[in-house]
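This report refers to the structure that appears directly beneath it.
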Amino acid sequence: MIGEPAKAYDPAEVEQRWYAFWVEQGVFRSSLDPDDRRPTYVISMPPPNVTGSLHMGHALIDTIQDVLVRHKRMQGYNVLWQPGVDHAGIATQTVVERQLKREGKTRHDLGREAFLARVWKWKDQSGGRIVEQMKFLGVSADWDRLKFTMDPDMSAAVREAFVRLYEEGLIYRATRLVNWDVEAQTVLSDLEVDNEENVNGELYEFAYPVIDADPAAGSTELVVATTRPETMLGDTAVAVHPDDPRFRHLHGKKLRHPFTGREIPIITDAILVDMNFGTGAVKVTPAHDFNDFQTGKRHGLEELNILAPNGTINENGGEFAGLDRFVARKAVKKRLVELGLERGSKPHLTTLPRSERSGSIVEPLISTQWFVNMVPLAEPALAAVRDGRTTILPEDWIKTYNHFLGNIQDWCISRQLWWGHRIPAFHCKDCGEFVVTRQDSVASCPKCNGARLEQDEDVLDTWFSSALWPFSTLGWPEKTPALERFYPTSDMETGYDILFFWVARMMMMGLHFMGEVPFRRVLLNGLVVDETGEKMSKVKGNSIDPLDLVHGATFETVVGKALPGAPVAEALSKFKKAYPSAAQMGQGFPAYGADAVRLTLASYTPQARRIALSPKRIEGYRHFCNKVFNAVRFALGNVEAVTLDGSPPKEPKLLVNRWILSRLASAVGASTRGIDEFRLDESAGALYHFFWDELCDWYLELTKPVFAAGTAEEIAETKVTLAHSIETALRALHPFIPFVTEELWQRVPRPPSRPRTIALAPYPTPADGRDDPDAERDVNCLMQVIGAARTIRSEHEVHPGAKVPLRLRSEDVARRELLTREARFIATLVKVDGDVVVERPGERPPGYVLSVACDADVLVGLRGLVEGKKELERIDRAVKKVEKDLVSLEKRLADPKFIDKAPPEVVVQVREQRAALERQRARLVEERGLADEL
RNA sequence: GGGCGGAUAGCUCAGCGGUAGAGCGCUGGCCUUACAAGCCGGACGUCGCAGGUUCGACCCCUGUUCCGCCCACCA
């Protein structure tokens with residue numbers, strides 16, 4: 001290695017090689033060996049959509065989980081990170097239907113069977129992609145156990161779960177008002193509907209003529225207000241408040257529907273009607289509005305459906321039949337004007353329900369669907385968190401979880417799609433009976449013996465199979481060894497956005513079917529957003545393919561994915577607005593490497609709701625990876641032949657060695673603590689700080705004088721300490737930056753007991769270092785002194801190469817001894833000419849200008865090269881600051897209440913601070929007098 | 001309408017009842033034989049606003065203003 005030209009770390013060259021090595025070594029495999037007594041650590045990977053491609057959200061959870069998993073693996077756990085992919089019902093079906101559309105076909109042209117064959121073909125083509133992408137990030141999942149939610153065993157689990165829930169009466173079929181996606185033409189669960197603010201909404205008013213009105217009693221028409229005028233085609237009542245005097249004369253009367261001539265009763269309803277809103281009269285459309293549906297049930301109203309599944313008006317809409325709902329809205333308004341019934345409109349803010357998938361506006365519609373009765377399932381899930389069988393981190397989410405489960409509605413699980421798990425229910429054409437069964441077919445109806453049975457056309461909500469994931473992947477309903485060993489799983493780590501969709505449902509199903517929580521901890525991370533805090537979306541053109549960061553990409557390539565089909569200039573401008581720090585970066589992203597991207601993602605605090613991705617920050621962590629690379633290469637030059645036994649040097653004599661071992665103990669302790677507490681940011685931060693600021697900036701520099709001119713004994717001790725520290729630091733960093741650490745670890749001296757890969761080497765503990773407060777205190781003093789000397793050099797513009805005479809003075813004997821003993825280190829780091837002189841105050845000959853290492857209570861003096869005037873100003877500033885601080889301390893100490901009420905140790909502490917400041921002031925004043933002589 | 005987060009250095013964010021931190025950016029000096037993706041210095045904050053509790057508040061409480069998110073059937 002020595003003699004090679006200096007070069008930067010090149011991740012591309014390294015990463016593929018080591019990933020292949022880990023796979024080949026079977027590092028990622030969990031063990032089912034009955035003799036394997038290691039404790040288990042299990043994470044079920046949130047399965048990405050089979051047709052999807054890796055986005056930043058995946059990169060985040062993959063990184064976090066990989067850190068958790070690698071950490072535990074190194075700690076000696078039998079780790080299972082269970083990977084899988086999800087069939088993603090609507091999403092996948094939509095993709096394939098879009099392909100068909102380009103060929104001018106619909107799924108109905110193909111028929112169910114041929115369509116499904118087509119989807120499977122697409123799945124086989126594109127389904128492996130996201131798995132391959134994860135591997136670029138270093139994901140160490142047990143790929144041998146990869147599951148797909150529509151694998152035969154997964155499907156069997158789904159069917160079993162459905163049948164059991166049905167038999168227990170928890171799944172039922174019912175006719176209800178549901179959320180209908182007119183584009184995907186399927187029902188949606190409440191969770192799949194996003195409510196969006198509609199700024200263009202209007203409250204439209206029109207009049208219903210009263211039949212047999214008595215003009216003498218009052219108005220002969222009833223004016224209603226609506227945000228959806230076309231729904232008047234389905235009105236079967238108009239409601240007023242029973243106590244509203246304006247409409248008392250209309251109680252019991254009827255209205256004439258202006259288009260169809262239908263008679264519409266006027267009803268009174270105190271629940272539905274708010275007298276002060278709108279016109280005080282509410283049109284009631286039981287078949288297309290949730291409130292009206294309830295009202296209809298209360299009054300026994302007719303439910304008149306006016307919509308076809310594709311969102312057009314059906315035959316009940318009379319002259320408007322066949323029109324799209326929005327076209328019909330305009331047409332209805334036009335007709336109302338023509339009939340003289342329009343009564344005006346005003347802007348009105350409402351919420352628009354949108355399908356999470358298709359984006360189309362959801363229509364409430366009456367339909368017969370399958371539901372899960374959730375309340376009995378929710379109670380155990382609430383209890384499990386309440387009594388701590390499962391904990392949720394960050395804890396803020398517990399409230400949200402409780403609120404959701406405490407107010408849970410029944411779950412509509414059927415979908416009018418073809419791609420998914422078909423509902424295992426058969427419908428008897430003769431008697432209408434439903435047979436729910438584990439069998440693939442039913443020969444005859446158990447009720448009427450009829451032979452004409454057909455399977456329900458619908459499939460299940462994708463999330464139904466997901467809810468079973470922690471145990472279905474382990475073999476349930478079979479009692480497999482894997483299920484036995486790995487359930488309950490340990491941690492469920494995922495984005496908070498699927499707390500309801502997925503986490504809560506897994507809790508319910510896990511408790512129901514397994515009788516035990518599916519995971520011990522729920523770890524929720526925030527959403528990755530762009531640098532300005534905006535959600536990543538196709539519309540905004542601000543999404544980034546994580547692999548473009550890993551491998552590098554031109555901005556043209558990046559925005560081509562972010563905003564497909566848009567003009568490059570427009571896409572670029574949107575992109576640069578979203579990432580101001582990238583805008584200055586030239587033509588594109590360099591290849592940051594997987595390690596840098598991972599370390600960046602791990603360094604964001606997980607409890608933040610939003611994780612604003614900053615390309616500049618990735619750059620910073622790439623620099624860190626490079627730093628690690630270079631530092632280890634440098635160290636290798638000094639430690640090549642060292643032999644290690646896996647423990648820190650027994651009794652290091654050199655202060656610097658004692659110090660670095662103490663810092664090492666602290667850093668690895670903080671690292672494990674951070675990972676255990678789901679504070680990867682703190683863990684990564686501690687290691688980053690240790691490696692760069694302490695190991696590189698101080699320790700490596702401090703070893704130079706030893707290697708250059710130390711005794712053989714000192715050199716030997718330092719070599720071992722250095723080698724040990726590096727080997728340990730690499731192990732500590734490995735979960736975060738697996739590639740570069742493996743690359744270096746393989747070349748670094750290491751104990752013979754180590755396995756073939758760092759990925760299986762033990763994770764460091766504080767026992768790999770040695771806590772040494774004395775060494776820390778002493779080195780802090782040296783740092784202060786060296787820092788003060790450097791500051792003087794810099795402020796007086798002494799050339800960095802120039803050597804200067806240095807004098808240090810302290811009243812404290814121990815301190816003087818320390819400075820004398822460690823003089824060579826000070827001399828090297830400050831570039832001292834000749835010997836470092838250590839003396840008592842008052843020993844100084846004229847001609848020195850001194851500065852003060854305040855905290856160390858040491859005077860630092862440089863001869864000659866400094867300007868007296870500048871130094872005077874500097875000292876004046878220092879005195880000012882010290883005096884200001886003193887004033888505030890004096891004030892506090894003068895307050896009898898403070899002396900009285902503050903804890904004694906705080907008072908002592910403040911007194912010590914004052915004493916120190918007073919000493920400093922004395923130093924500085926003495927200093928000033930002497931500098932003045934210049 | 002409820003609920004939950006956020007507001008700290010130019011930017012992105014940590015933090016904490018006892019005299020404010022990091023990265024990036026800015027800035028002065030260095031190509032000092034590991035690293036210029038670097039090294040050594042430096043500047044920079046009435047910790048959203050107003051009250052309160054406390055010997056002491058960036059931190060706890062109350063109110064308030066912005067920003068974001070979630071839940072909810074207001075025509």
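Just so you know, these numbers use all the heavy atoms, side chains as well, and skip hydrogens, waters and symmetry mates.
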Determine the Euclidean distance between corresponding [atom1] atoms of [M] and [N]; express it in Å to zero decimal places.
N: B/C13; M: B/C47; atom1: C1'; answer: 13 Å
N: B/G48; M: B/U12; atom1: P; answer: 15 Å
N: B/C69; M: B/A9; atom1: C1'; answer: 27 Å
N: B/A43; M: B/U27; atom1: C1'; answer: 7 Å
N: B/G45; M: B/C30; atom1: P; answer: 28 Å
N: B/C67; M: B/C26; atom1: P; answer: 31 Å
N: B/C39; M: B/G56; atom1: C1'; answer: 41 Å
N: B/G17; M: B/A7; atom1: P; answer: 16 Å

So with a 6.0 Å cut-off around CD of A/Gln409, is the heavy-atom count from everything else above 12?
no
Does the side chain of [X] get closer than 4.0 angstrom to OP1 or OP2 of [N] through an N or O atom?
X: A/His799; N: B/G29; value: no
X: A/His348; N: B/A75; value: yes
X: A/Lys616; N: B/C24; value: no
X: A/Arg679; N: B/G15; value: yes
X: A/Lys627; N: B/C39; value: yes
X: A/Gln909; N: B/G18; value: no

Would you mind telling me which residue lines up with the more 5' stretch of RNA chain B, A/Leu203 or A/Ala612, judged by nearest nucleotide?
A/Ala612
Tell me which nucleotide among [options] gets nearest to the side chain of [X].
X: A/Asp274; options: B/G28, B/G18, B/C74; result: B/C74
X: A/Ala8; options: B/G28, B/A37, B/C69; result: B/A37
X: A/Thr605; options: B/C55, B/A37, B/C13; result: B/C13

Does the salt bridge (charged side-chain N to carboxylate O under 4.0 Å, His left out) test come out yes or no for A/Arg329 and A/Glu202, once each step is laid out?
CA-CA 12 Å; A/Arg329 179 172 300 173; A/Glu202 64 164 358; over 6 Å; no
Readout for nucleotides 42-48 of chain B: B = base within 4.0 Å of protein heavy atom, S = sugar-phosphate only, - = neither; 5' to 3' it is S------
How long is the straight-line distance from CD1 of A/Ile366 back to CZ of A/Arg176, given to the nearest 0.5 Å?
12.0 Å
Hey, does the side-chain of A/Glu701 have a donor or acceptor N/O within less than 3.5 Å of a partner on the base of B/A34?
yes
For nucleotides 3-6 of chain B, list the nitrogen or oxygen atoms of the protein found under 3.5 Å from its nitrogen or oxygen atoms, one pair per line.
from	atom 1	to	atom 2	distance (Å)
B/C4	OP1	A/Lys399	NZ	3.0
B/C4	O2'	A/Arg609	NH2	2.8

Name the atoms and distances for all side-chain donor-acceptor pairs under 3.5 Å in residues 889-905 of chain A, with sequence neighbours left out.
from	atom 1	to	atom 2	distance (Å)
A/Glu890	OE1	A/Arg914	NH1	3.2
A/Asp895	OD1	A/Lys897	N	2.9

Using the rule given for side chain to side chain contact (heavy atoms under 4.5 Å, CB included), can you reason through A/Leu222 versus A/Val240, listing the C-alpha separation, both sets of side-chain angles and the distance that settles it, and then say yes or no?
CA-CA 10 Å; A/Leu222 189 49; A/Val240 297; 4.2 Å; yes
Does a donor on one side chain and an acceptor on the other come within less than 3.5 Å for A/Tyr621 and A/Ser603?
yes
Once you apply a heavy-atom cut-off of 4.0 Å, does A/Ala631 come out as touching a base, just sugar-phosphate, or nothing?
base
Contact summary for A/Asp292 and A/Lys283, nearest pair of heavy atoms:
OD2-O, 3.4 Å
